Amino acid sequence: MHNDHMFQISATLDVNGEKRMATFRPADTLLYVLRNQLGLTGAKPGCLNGDCGACTINVDDMPMKSCLMLAIEAVGKKMTTIEGLDGTPIQKAFIEKFAFQCGYCTPGFIMNCHALLKQHPDATDEMIKEWLESNICRCTGYQEIAEAVKSVLTRYLSKNNQ
Amino acid sequence: MISFDFEYYKPSTLNEAVQLFYTLQIQKKRPIYFSGGTEIITLGRLNLVTPGAVIDIHDIPECKVLQVDEHHLVMGAALTLTEIEKANVFPLLSKTASEVADHTARNKITLGGNICGKIFYREAVLPFLLTNSQVVIAGPSGIKRVPIQDVFYKQLRLQTGEFLVQIVTNRNDLSVPSVSIKKRRQWDTGYPLVTIAAMKTKEGIRTAFSGLCPFPFRSKQIEDDLNQPQLPLEARIEHAIHHLPTPILNDTEGTSEYRIFVFKNTLQEIFTALEGEEHAQ
């Protein structure tokens, strides 16, 4: 990373397994740089206030609201956006369970769910509720989203394989 | 998007951070310390906070410490609320912190950011007010460790150039019977109508509050009112209400009358939890 001048930084960002060069201001949020510098428009601007979760990505395997993070904070961290997931169980589950309508909130939900299932493959209902309260959907009633998450839990999979 | 520019610094020692602040201040760059940064970013987007430079404290080892020794728990100001909750070395703090914002936001919100920020709920401070913890502050005069009650009145009273480094809590206080209840207007995320944290000691029940007023507080007068076992609990609560600080918040979350109503009921719940149904009457 180097400062081109005090208000411009050139740095390498590790996104979806690739090292990508980006030039941005210290004041630029990670969401802005992902979308406008790197063309990764999967993370969506919703509230821009850290409330809706539409901008959620994973940073070092933790869900993070990219509107609440400066791009400069992401230097040296491993980021995964929705574009970095392909055919994961949670993505298939979202399709099978009809867990989206307009799809605007969906990337954020999937990133959060993906992190949840990686960390807690047997998450309890209470844990699922706690994690998913970080994301808002205006289309569905959340029931299908919760069903999608539950359908890929270890205990569900082992029960249905018996 | 934040429309104005600021410089970004990430010092690796306490001294470097303080020196940076001093230098930037002389250069009239309006420096501000950056912990979780969630308020700086969201308020910055609205031009309500407009620093010319931010000093990120995450690389300073003392700010990320989480350590329990024979006598004390030491928690760094740059620890995230998720890290604190996960470690669960201070159950009352874990519970209180777990109710702030939402799970993903807590991966970014820090202990110091929540306590020192402009948003006045500052719920993470409540357990430390109850345990009479000490705060470690770095500043132009060096590092100092002082009782929290000496420097916290409505907010942490930091001098220019100072920042919160750590909070130190007596180990014996970590496992005292305690409870924390947060009541919101609706749902399970969002700002409080009333948050009450309480712990039961040999001297009685200590209580600390957020959401009722535009600042968190603990009051000796209120504790004296509530710890009168010869009186029924309802009477004790009525006495306490007369000694509440002002103003009581009156906003879109709830009217002041509603907040008092919720406050009374929540205190009932607290005392029932800590004293038992039979005694909390």
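In what follows, every chain begins at residue 1, and chains take the letters A, B, ... in the order their sequences are listed. Small disclaimer: the values here were computed from a predicted structure and weren't measured.
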Point to revise | Worked check of side chain to side chain contact (heavy atoms under 4.5 Å, CB included) between B:Asp188 and A:Lys129 | key: CA-CA 10 Å; B:Asp188 293 328; A:Lys129 181 173 180 283; 2.4 Å; yes
Roughly how far apart are [X] [atom1] and [Y] [atom2], rounded to 0.5 Å?
X	Y	atom1	atom2	answer
B:Leu46	A:Asn49	CG	CG	7.0 Å
B:Tyr8	A:Arg25	OH	CZ	15.0 Å
A:Met64	B:Lys108	CE	NZ	7.0 Å

Which atoms of [X] come close to chain A, meaning under 4.5 Å heavy atom to heavy atom: side chain ones, backbone ones, both, or neither?
X	answer
B:Phe4	backbone
B:Ser3	backbone
B:Ile2	both

Check your understanding: With A:Leu68, which of B:Asn107, B:Thr42, B:Thr104, B:Ile109 fulfils side chain to side chain contact (heavy atoms under 4.5 Å, CB included)?
Key -> B:Thr42
Could you check whether atom [atom1] of [X] has more than 12 heavy atoms from other residues, nucleotides or ligands sitting under 6.0 Å from it?
X	atom1	result
A:Phe7	CZ	yes
B:Asp251	CG	yes
B:Tyr191	OH	no
A:Glu126	CD	no

**Study point:** Partner chain B: residue of A:Leu70, A:Asp28, A:Asn112, A:Leu31 with the largest heavy-atom pair count (under 4.5 Å)
**Key:** A:Leu70
Revision key, fill the gap. In terms of heavy-atom pairs under 4.5 Å with chain B, the winner among A:Met62, A:Glu73, A:Met69 is A:Glu73
Exercise for review: Specify the closest pair of heavy atoms between A:Cys47 and B:Arg45, including all atoms of both residues, with the distance to one decimal.
Suggested key: O-NH2, 3.7 Å
Check your understanding: Which pair of heavy atoms, one from A:Glu130 and one from B:Glu85, lies closest together, and at what distance?
Key -> OE2-OE2, 3.5 Å
Point to revise | Side-chain heavy-atom pair A:Lys65, B:Asp102 within 4.5 angstrom cut-off | key: yes
